[in-house]
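Within every chain, numbering begins at 1; the chains are lettered A, B, ... in the order of the sequence lines, protein sequences first and strands thereafter.
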Amino acid sequence: MTYLSYDPIPADLVDGLNPPQRAAVEYRGDALLIIAGAGSGKTRVLTHRIAGLIATREAWPSQILAITFTNKAAAEMRERVGHLLGETVQGMWISTFHSACVRILRREAEKFGYPQGFTIYDSADSKALVKRIVKALEAESLGVTPSHALNRISALKNELIDPDGFARKVDASNPRDQLVLEIYRQYQRELERNRAFDFDDLITQTVWLFRAFPDIAALYRRRFRHVLVDEYQDTNHAQYALIRELTHATPAQHVPADTRIELAADGSIPPASLTVVGDSDQSIYAFRGADIRNITEFEHDFPGAETILLEQNYRSTQNILDAANAVIGNNFDRREKSLWTAEGAGKQIVGFAGFSAHDEAQFVADEIHKLHDSGTNFNDIAVFYRTNAQTRALEEILIRSAVPYRLIGGTKFYERAEVKDILAYLLSVANPNDELSLRRIINAPKRGIGPATVTAISNFANEHDITFREALRRADDLGVGPKLRGKIAELAQILDHAEASIDPQRPTGPVLVSKMLETIIEQTGYIDALRATGNPQDDARAENVEEFINVAKEFDKQHPDGNLVDLLTEVALVAAADDIDDESGAVSLMTLHTAKGLEYEAVFLTGVEEELLPHRMSADEPGGLAEERRLFYVGITRARQVLHLSLAVSRTQYGEASTAMPSRFLDEIPASLIAWRQSPQDVMSRPTLRPTGSSGWGGGERRFGEVRTSNVLEGARGLKEPFNPRRGKRSFDNTVTGAVKDNADLELAHGDRVKHTDFGDGTVRAVLGTGSKRVAEVDFDEVGRKKLLIKVAPLEKL
DNA sequence: TTTTGTAAAGTTTTT
DNA sequence: CTTTACAAAA
C-alpha cells in the first residue's frame with residue numbers, strides 16, 4: 001500500500017461516522033462498492049471520501065470525476081464538497097453522465113467531423129424524426145409504431161449495438177425486425193446529417209469515441225485517476241462501458257508523451273480507482289435499460305473489489321423503516337439488507353382511502369394544512385404519485401384549498417411549443433446543419449410557407465447537394481412565387497445576421513446571447529404575431545416566450561463568458577428534479593421516479609392502488625412487479641417523520657369512472673404500523689352518491705370487515721381501527737368534485753354564512769390575503785375547518 | 001395554405 | 001376527457 005506515504009486523513013473527515021461509513025472513506029484500492037441503503041448517509045460518505053483524497057494529497061482536484069444522475073444531485077455534491085474543501089472543488093468534474101459526455105464530445109467534436117455546436121435532440125425531437133421515417137416506410141401497417149421503433153432503437157443503443165451490429169444479429173425472416181433495422185439505419189443517418197445526437201447517443205458516442213481514438217481516451221484516463229459513481233444500480237450497459245473505458249489501464253503505446261503521473265513498470269498508465277455507490281433495492285429504471293447486474297456482479301467485474309454495507313438509517317423513524325423493510329422483503333433474489341435507526345419508533349403511518357381521486361386529494365390538502373398549522377414548512381412536505389396523469393385532481397384541490405405547491409417535472413417549460421420554436425431559432429444559429437430545427441421555424445410565425453414549399457426547398461437542396469440552410473439563402477433559384485421568395489430570403493437573412501452577431505471574431509465583439517435572441521424575435525415578429533390574435537391562450541404563449549428571454553438574460557448574467565452553445569447545452573440537459581427550489585415555501589409534487597434521492601419531513605404517497613402501483617403495464621414485463629415494489633419502497637423511504645399512504649376506490653380515466661382495488665403492497669405492511677383515518681372498507685361500505693347532508697353512514701350500521709370486495713382487503717387494513725362515532729362528522733357522503741367557480745368578486749367577512757358545493761354550509765372564520773389570493777378559513781357544519789381560495793371556490797354567500 | 005371541423009386514439013416511469 | 005390526425009372548406 002503506497003498510501004502510507006501520504007498525509008493522514010484529517011480527523012474531522014471521519015469523526016462522527018459509523019464504522020462502515022468510516023471504512024468507506026478510508027479504503028484505498030482499485031475498486032470499492034458501497035451498498036448504501038436509503039438514508040444511510042451515502043452522500044456524506046462520498047463527499048468525505050473525495051475530500052479525504054484531496055486532503056491527503058493523494059489526488060489533485062482535477063483528477064476527480066464524480067458522476068451522478070441528475071444535475072440536482074451533482075450540484076448538491078459540489079456544494080457539500082465545497083463546504084469541506086473550499087475553492088479546491090472548482091477543478092473537479094462533478095456532473096451527470098450526460099453533461100460529462102457532452103463536455104467531452106463538444107471538446108473533441110472536430111475529431112469526428114462534427115461542429116462544436118452540434119444539436120442535442122430531446123425525446124420529442126427523436127419521436128418526430130422516427131415518425132417521419134415510419135410514415136415514409138409505411139411501417140405502421142406492419143405493426144411497427146413510432147414509439148415501438150423508438151423503444152427498440154433506444155434499447156439497442158443502450159446495449160451499444162449500432163445499425164450494422166443489429167444487422168448482423170437480426171432475424172432475417174422476421175419482417176418487423178427488418179423494418180426496425182431499416183428505421184434505425186435511416187434514423188441514425190438523419191441524426192448524422194443534422195449533426196445531432198439524441199440522449200442515448202451522448203453516452204454511446206462517447207464510448208465509440210474512446211474506442212476509435214485510443215489516444216484521446218488515454219488523455220482522459222490520465223486525467224481522471226479517481227472515478228466515483230452515484231446511483232450505480234441505475235446504470236445501463238452503455239454507462240457501464242463508459243466507466244470501464246475511463247478506468248481501465250492504458251497500454252504504454254498510447255501513453256501521451258508529456259505524462260507526469262507515476263506509470264506502472266511496463267510503462268502503462270495504471271487503472272483509475274473506482275468507487276460506486278448504489279442500492280439494488282432502489283433500482284427503478286430497468287425500462288430505461290438500467291441493468292441491475294452492473295451492481296450485483298461488481299465484485300466479479302472488478303476482482304479484488306471491496307464491498308461495504310451501510311444499513312444504519314439517519315433519516316426515518318423506525319415505523320417507516322419497518323414498513324419499508326417488510327415491503328422490500330417480498331422481493332426474492334436480493335442481497336439481505338435491513339434498515340434500522342437509533343431514533344425512536346415515531347408516529348404511525350397514516351392511511352386514507354377516498355372515494356374518488358378528488359376525495360383523496362382533499363385528504364392530502366387537509367393534512368397539509370394541519371401539518372403546516374403545527375409548524376411544518378410547506379417545503380418540507382412532498383406528494384408523490386405513480387403517473388403524471390394523477391396530478392390533475394391533486395392540483396385542482398390544492399389550488400382550491402390554497403395550498404402552495406410546485407410541480408416538479410411533468411410538462412416542462414421547455415417542452416411548450418412556443419418555447420421549442422424559440423429554441424429552434426437558437427439551434428439553427430448554433431448548428432446550421434440542423435434541418436429539423438429549420439423545418440420547425442420555417443413557418444413559425446406564419447409566413448405562408450407550407451409543406452409543399454418545404455418539399456420544394458428540400459428537393460432543391462438534394463439536387464444541388466447543398467444543405468437545407470444554403471437552399472434557403474438561394475431563394476431566388478427555388479422556382480417559387482415572388483412573395484414566398486421574399487419571405488424565405490428574409491428568414492435566411494435573419495439567421496445569417498444572428499450568426500454573425502455572436503461571432504467571437506466580430507470587430508466590435510460578440511453580442512450577448514439574450515440580445516441576439518431579442519433581435520431575432522423582433523425581426524421575425526414572433527411575439528407580435530401571438531399578441532395580434534387576441535386569443536388569451538396566445539397571450540400566455542407570448543408571456544412564455546418573454547419568460548424564455550429572461551432565462552437567456554439570466555444566463556448571460558451568470559455566465560459572462562458563456563456562449564450560445566453553453567446555454568443550449570444547459571437547456572437540453574435540465575431534468576425534472578433539477579428545478580427543486582428548497583427556498584420556496586411550497587409543497588413539492590412529483591412522480592415516484594423523480595423522488596429518488598430526495599427526502600422530506602412529511603410524505604404523501606398517493607394512488608396506492610392495484611393497476612396504478614403496481615402499474616398495470618408492469619404486469620406482463622419480466623421483473624415488473626419487483627420493480628414496482630422497489631418504486632413503492634423508494635417512496636416510503638423518502639419520509640423522515642410522517643408518512644401518509646392514500647388511495648381512491650374509484651378513479652376516472654378518459655372521463656369514465658372505474659373502480660380501483662387497494663394495492664397488494666399495502667398488505668405487505670404490518671397492520672399495526674398503519675392508522676387508517678378512513679379505511680378501504682369504510683369507504684366502500686359508504687352509501688355513495690347520496691345527497692350531501694344526509695345522515696348517511698355515520699351511524700352504527702357500518703361493520704368493519706363485513707364488506708370484502710376481495711381477499712386483498714382482509715387482514716391488514718381497517719380491522720384494527722377502533723370504531724369512532726365522531727368520524728361521521730368529518731366525512732361527507734358526496735365525493736369531493738373538481739368543481740370551480742369564478743368568485744373573484746365575492747366579498748366575505750368573519751361570521752358570514754356560506755354554502756359550498758362539496759362541503760355544505762359553514763361559517764367564515766377569517767379571511768386572509770388580498771386580491772386573487774384571498775383565502776377564506778371556513779368552519780363547515782359537517783366536515784370541519786377548511787381553507788379555501790376564494791377566487792375559485794364553488795362557494796356562495798347565504 | 002390555412003382554418004375549421006369531426007373522428008379517433010391514448011397514459012408508466014425519464015436522462 | 002384531452003390531444004392529435006386527417007379531411008374538407010375558405
### Task
Tell me whether A/Phe69 is stacked on the nucleobase of B/dT15, counting only the six-membered base ring and applying the 5.5 Å and 30° thresholds.
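Here A/Phe69 fails the 5.5 Å or the 30° condition.
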
How many Å lie between [atom1] on [X] and [atom2] on [N], as a whole number?
| X | N | atom1 | atom2 | value |
| --- | --- | --- | --- | --- |
| A/Glu621 | B/dT13 | CD | P | 13 Å |
| A/Lys127 | B/dT14 | NZ | C1' | 14 Å |
| A/Leu573 | B/dT15 | CG | C1' | 8 Å |
| A/His237 | B/dT15 | NE2 | P | 22 Å |
| A/Ile284 | B/dT15 | CD1 | P | 11 Å |
| A/Tyr633 | B/dT13 | OH | C1' | 19 Å |

### Query
Can you tell me the Watson-Crick or wobble partner of C/dT4, both distances under 3.5 angstrom?
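Matched C/dT4 with B/dA7 under the 3.5 Å cut-off.
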
### Query
What is the pairing partner of B/dT14, taking Watson-Crick or G-U wobble pairs with both distances under 3.5 Å in any strand?
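WC or wobble partner does not exist here.
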
For [X], which contact category applies under a 4.0 Å heavy-atom criterion: base, sugar-phosphate, or nothing?
| X | answer |
| --- | --- |
| A/Lys135 | sugar-phosphate |
| A/Phe97 | nothing |
| A/Glu231 | nothing |

### Task
Considering only NZ, NE, NH1 and NH2 on the basic side and carboxylate oxygens on the acidic side, decide whether A/Arg386 and A/Glu609 come within less than 4.0 Å.
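Here A/Arg386 does not pair with A/Glu609 in a salt bridge, since their nearest N and O are not under 4.0 Å apart.
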
### Message
Regarding A/Arg664 and A/Glu610, does a basic nitrogen lie under 4.0 Å from an acidic carboxylate oxygen?
### Response
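Salt bridge between A/Arg664 and A/Glu610, a charged N being under 4.0 Å from a carboxylate O: yes.
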
### Query
Closest nucleotide of DNA chain B for A/Thr96 versus for A/Ile449: which of these residues is on the 5' side?
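Looking at the nearest nucleotide for each, A/Ile449 comes out on the 5' side.
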
### Message
Please give the distance between the C1' atoms of C/dA5 and B/dT12 as a whole number of Å.
### Response
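The answer is 24 Å between these two C1' atoms.
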
### Query
With rounding to whole Å, what would you report as the distance between C/dC6 and B/dT11 at their P atoms?
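Straight-line distance between the two P atoms is 15 Å.
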
### Message
I'd like to check A/Val229 versus A/Thr275 (side-chain heavy atoms, cut-off strictly below 4.5 Å). Are they in contact?
### Response
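In short, these two side chains do not touch, never coming nearer than 4.5 Å.
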
### Task
Would you tell me if any nitrogen or oxygen in the side chain of A/Asn443 comes within less than 4.0 Å of OP1 or OP2 on B/dT2?
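Looking at the OP1 and OP2 atoms of B/dT2, one of them is under 4.0 Å from a side-chain N or O of A/Asn443.
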
### Task
Indicate, yes or no, whether a donor-acceptor pair under 3.5 Å links the base of B/dT12 to the side chain of A/His615.
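A donor-acceptor contact between them is absent.
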
